[in-house]
J.: 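I have a structure here, written as structure tokens, and I will follow up with some questions on it.
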Amino acid sequence: MIRVGRGYGRACLAGVDAAADADIIVFMDGDGADDPSRIAALVEPIRCGAHDFVIGSRVRGEREPGSIAWHQIVAGQLAGLAMRALYGVRYTDMCAFRAIRRDRLMGLGMREMTYGWNVEMQMRAARARLRTLEIPVPCQRRIGGASKVSGNLAGTLRAGTRIVSTIARIASERDPGRNARMRERDA
């Protein structure tokens, strides 16, 4: 067992540090909402060399009734629109179910130790021009525990505030490649 203290991003980073020998890192929620049999679908595009980062999309996948709240879908779509405007990428979700080459992740300079971890990774991956793929993944109702994010209004507001502040912080950082990407997108 790894003990790291509080914070979603802190826990993710501790897992990455513990997997120092891994080439590919897979993230997924431990509440049963993500289907571990889909890990191969996330990893294969990386393993074959076609992509560096593969993210699951619950929005594009089959969703069990009650598995994802409407505000989670809207938040993912709004974050996706912001990232499209900033970096020209298309994301439909901020799903935790994702895989990334460990060396690429370590090169992103992740700093967010709370709920903003997922959106920071997506923004930094877009900024670094990682070869990214979003694939549909099924979403099931959680089988363990109560959600700290979607389970109550206070949790939703706390996570939403952190995600919005993370988007603002990353977007305001200097990005020397932004102008070239915008010209390329508009061409």
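Note that this is a predicted model, so its numbers are computed, not measured. Numbering starts at 1 and runs along the sequence shown.
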J.: When rounded to the nearest 0.5 angstrom, what is the spacing between CG in Asp17 and SG in Cys12?
T.: 11.5 Å
J.: For the pair Glu120 (side chain) and Arg111 (backbone), establish whether a donor and an acceptor sit closer than 3.5 Å, ignoring hydrogens and angles.
T.: yes
J.: Examine distances only and state if a side-chain atom of Arg162 and a backbone atom of Arg158 form a donor-acceptor pair shorter than 3.5 Å.
T.: no
J.: Any heavy-atom pair between the side chains of Val54 and Glu44 that's under 4.5 Å?
T.: no
J.: Taking all atoms of both residues into account, what is the closest heavy-atom pair of Tyr91 and Ala125, and its distance?
T.: OH-CB, 4.3 Å
J.: Taking C-beta and beyond as the side chain, do Leu42 and Ile135 meet within less than 4.5 Å on heavy atoms?
T.: yes
J.: Is the side chain of Arg47 donor-acceptor paired with the backbone N or O of Val43 at a distance under 3.5 Å, no angle test?
T.: no
J.: Check whether any side-chain heavy atom of Phe97 lies under 4.5 Å from a side-chain heavy atom of Arg38, and answer yes or no.
T.: yes
J.: Return the CG to OG1 distance between Leu81 and Thr92, rounded to the nearest 0.5 Å.
T.: 10.5 Å
J.: About how many Å separate CG of Leu108 and CE of Met123, when rounded to the nearest 0.5 Å?
T.: 12.5 Å
J.: To the nearest 0.5 Å, how far apart are CG in Asp35 and CD in Glu62?
T.: 11.0 Å
J.: Please say whether more than 12 non-hydrogen atoms of neighbouring residues, nucleotides or ligands are located less than 6.0 Å from CZ in Arg60.
T.: yes
J.: Under 4.5 Å between any side-chain heavy atoms of Asp93 and Ile55, yes or no?
T.: no
J.: Would you say CD of Glu64 has more than 12 non-hydrogen atoms from neighbouring residues, nucleotides or ligands within 6.0 angstrom?
T.: yes
J.: Leu105 and side chain to side chain contact (heavy atoms under 4.5 Å, CB included): which partner among Ile100, Leu13, Ile24?
T.: Ile100
J.: Just checking Arg169: does its CZ atom have more than 12 heavy atoms from other residues, nucleotides or ligands closer to it than 6.0 angstrom?
T.: yes
J.: Indicate if Val137 and Val26 have the same hydrophobic cluster label, given that clusters are the connected sets of ILVMFWY residues with side-chain heavy-atom separations under 4.5 angstrom.
T.: yes
J.: Cluster question for you: counting only ILVMFWY and a side-chain heavy-atom cut-off of under 4.5 Å, with indirect links fine, are Ile170 and Val89 together?
T.: yes
J.: Indicate the atoms forming the closest heavy-atom contact of Tyr87 with Ala126, along with that distance.
T.: CB-CB, 3.7 Å
J.: Do Met110 and Val16 have side chains that get closer than 4.5 Å, going by heavy atoms?
T.: no
J.: Are any side-chain N or O atoms of Arg131 and backbone N or O atoms of Gly49, one a donor and one an acceptor, separated by less than 3.5 Å?
T.: yes
J.: Met94, Val74: one ILVMFWY side-chain cluster at the under-4.5 Å cut-off?
T.: no
J.: Testing the basics here: between Cys95 and Gly56, what is the closest heavy-atom pair and its distance to 0.1 Å?
T.: CB-O, 3.0 Å
J.: Check whether any side-chain N or O of Arg58 sits under 3.5 Å from a backbone N or O of Gln72 as a donor-acceptor pair, and report yes or no.
T.: no
J.: How are the rings of Tyr8 and Tyr115 set relative to one another: parallel (under 30°), tilted (30 to 60°) or perpendicular (over 60°)?
T.: parallel
J.: Check Cys139 against Ile68 and note the closest heavy-atom contact, atom names and distance.
T.: SG-CB, 4.5 Å
J.: Look only at the side chain of Asp34 and the backbone of Asp29, and say whether a donor-acceptor pair between them is shorter than 3.5 Å.
T.: yes
J.: Taking atom CG of Leu133 and atom CZ of Arg98, what is their separation to the nearest 0.5 Å?
T.: 13.0 Å
J.: Report yes if some heavy atom in the side chain of Gln122 is under 4.5 Å from a heavy atom in the side chain of Glu134; otherwise report no.
T.: no
J.: With distance as the sole criterion, is a donor-acceptor pair present between the side chains of Thr114 and Glu112 under 3.5 Å?
T.: yes
J.: Quick one: closest heavy-atom pair of Ala79 and Ile167, and the distance?
T.: CB-CD1, 4.0 Å
J.: Among the clusters formed by ILVMFWY side chains lying less than 4.5 Å apart, do Met113 and Met106 turn up in the same one?
T.: yes
J.: Indicate if Phe27 and Leu130 have the same hydrophobic cluster label, given that clusters are the connected sets of ILVMFWY residues with side-chain heavy-atom separations under 4.5 angstrom.
T.: yes
